[in-house]
Protein chains: 2
Amino acid sequence: MAKQHELREKGLRLTPQRELVLQAVRELGHATPEEVAEKVRSTHPGINLSTVYRNLETLENVGLVLHTHLGHGGATYHAAEELTHLHLVCSVCGSIGDAPIDTAANFVNTLADDYGFKTDVTHFAIYGTCQKCSK
Amino acid sequence: MAKQHELREKGLRLTPQRELVLQAVRELGHATPEEVAEKVRSTHPGINLSTVYRNLETLENVGLVLHTHLGHGGATYHAAEELTHLHLVCSVCGSIGDAPIDTAANFVNTLADDYGFKTDVTHFAIYGTCQKCSK
DNA sequence: ATTGCTTTTGCAATTTGTTCGCAGGTATTA
DNA sequence: TAATACCTGCGAACAAATTGCAAAAGCAAT
Ligand SMILES: [Mn+2]
Ligand SMILES: [Mn+2]
Ligand SMILES: [Zn+2]
Ligand SMILES: [Zn+2]
C-alpha cells in the first residue's frame, strides 16, 4: 500500500489550488489570506480569493493550519507544526517578536489550577511595547 | 471655580450623544459599537452609528474608554477604570470569564526582564477552553 | 478510458463592519 | 447674541469576508 498524500490522508481532494495554499502558508510563516493569495498567484495566477479563504478554512478543519490574531484586523495563518512560539506585537512600531511558548508555562498552569481554564497562548498575540519603542 | 464635567476636563464638548455613549459603555461592561448604539437608542433613538464610532474613538483618545479583542470579530469597549481583569474566552461555548490582572504578573515580569517587552495583558483576551467545556 | 457521483472552483453578488465627505446644527467663549 | 470651532446625521464609500450557483475537476467504480 503506497503512502498517501497528506491531503488525501485527511480525506480531502487533491487540487492544485489546495496544495498551493498549504505550501504558501508553510513558506510565509504567518500570512493573511490576501498574502497567501498573492503568493499562490505567482505560480497559479487565476486563483480566486474565495478559494483561498475556503481552503484555509478546510485546512484548518483538518489540523494542517491554524490562525492567530496579531493585530486589530483579520487573522493570520500558520502551518500547524510551526506554531511553537508566542507573538510579541508592538503597538508602537508594529514589529512582531517571538518568544518560546514555555515563557507562558507558569501563567498557563496558574489558569488551569485556579480556574480550570485550558489556555491556548498562541491564538492571540501578546500585545505591548517592544524594547526599542520603550526608550 | 466649579468642578468641571469630566468630558469638559478632557477638552471635549459636552453633547448628549457623547455623554450617552460613555454612559452606555460604563453600564454595559464590554460592548461592541453596535451594542453601544443599541443602548443609546433606548433614550436617544436618532443617534447615528457613525456618531457612536466617532465618539468611541474620541473617548479612547482621551483615556476614558479602551478597547479589547475578545474574539475573531471587531473590538469591544470598556470604561477605562473598569479594565482591571483578564478576559478568559472559551473557544467552545463563547463564555467570557474574568481573572485578576495579577494572575499574569509573573508572566508580564518575565517578558519585561527577558525581552524588554512591556505587556498590556488586557488588550487581547486569553483564549482557551473553560472548565465546563473541558469535561 | 469512460462513467457517474461528489467536491471544488471561479465569479458575481451580498453581507458585515467601519470610515468618510459634507452640509447643517450646536456647544462654547467672548 | 454673534462668531467660530466642533460635532452630528446622512449617504456614500470602503474593506474584508461570505455566499449561491453553474461549470470544472477529482476520484472510485466499471
Ligand atoms: Mn486593538
Ligand atoms: Mn480566532
Ligand atoms: Zn516597537
Ligand atoms: Zn466553554
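Just so we're on the same page: letters track the sequence lines, and every chain starts at 1. None of these values were measured; they are calculated from a predicted model.
For B/Asp102, the side chain to side chain donor-acceptor pair (under 3.5 Å) test picks out no residue, with sequence neighbours left out. A search for side chain to side chain donor-acceptor pair (under 3.5 Å) contacts involving B/His30 returns nothing, not counting sequence neighbours. In this view, B/Glu57 satisfies the salt bridge (charged side-chain N to carboxylate O under 4.0 Å, His left out) rule with no residue, not counting sequence neighbours. Among residues two or more places apart in sequence or in another chain, the side chain to side chain contact (heavy atoms under 4.5 Å, CB included) test is passed with B/Thr43 by B/Leu20. Judged as a side chain to side chain contact (heavy atoms under 4.5 Å, CB included), and not counting sequence neighbours, the contacts of B/Lys10 are B/Leu12, B/Val62, B/Leu64. With sequence neighbours excluded, the residues forming a side chain to side chain donor-acceptor pair (under 3.5 Å) with A/Thr68 are A/Thr76, listed by chain and number. Contacts of A/Glu34 classified as side chain to side chain donor-acceptor pair (under 3.5 Å), with partners at least two apart in sequence or in another chain: none.
Contact annotation for A/Arg54: base contact, defined as any heavy-atom pair under 4.0 Å involving a base atom.
The aromatic rings of A/His72 and B/His67 lie perpendicular to each other, with more than 60° between the two planes, well past the 30° mark.
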| task | Tell me, with the steps shown, if A/Glu19 and A/Gln23 meet side-chain hydrogen bond (donor to acceptor under 3.5 Å, both in side chains). | result | CA-CA 6 Å; A/Glu19 272 194 290; A/Gln23 190 188 335; over 6 Å; no
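Two rings, from B/His78 and B/His87, have their centers less than 6.0 Å apart.
Chain A approaches DNA chain C over the interval C/dT6 to C/dC11, counting the first and last nucleotide 5' to 3' with an atom under 4.0 Å from its heavy atoms. Of all nucleotides in DNA chain D, those with any atom nearer than 4.0 Å to a heavy atom of chain B start and finish, going 5' to 3', at D/dA5 to D/dC10.
Two end axes, each from the C1' atoms of five base pairs, can be drawn for the helix from C/dA1-D/dT30 to C/dA30-D/dT1; they diverge by 30°, to 10 degrees.
Mapping B/Gly74 and B/Leu12 onto DNA chain C via the closest heavy atom, the residue that lands nearer the 5' end is B/Gly74.
Sorted by first then second residue, the ring pair (Phe, Tyr, Trp, His ring centres under 6.0 Å) pairs that include residues 32-62 of chain A, not counting sequence neighbours, number zero.
Remark: A/Glu6 engages A/Arg26 in a salt bridge, criterion side-chain N to carboxylate O under 4.0 Å.
Between A/Thr58 and A/Arg54, the side chains place no donor N or O within less than 3.5 Å of an acceptor N or O (distance only, hydrogens not considered).
Applying a 4.0 Å cut-off to non-hydrogen atoms, the residues of residues 25-50 of chain A that approach DNA chain D are A/Ser50, listed by residue number.
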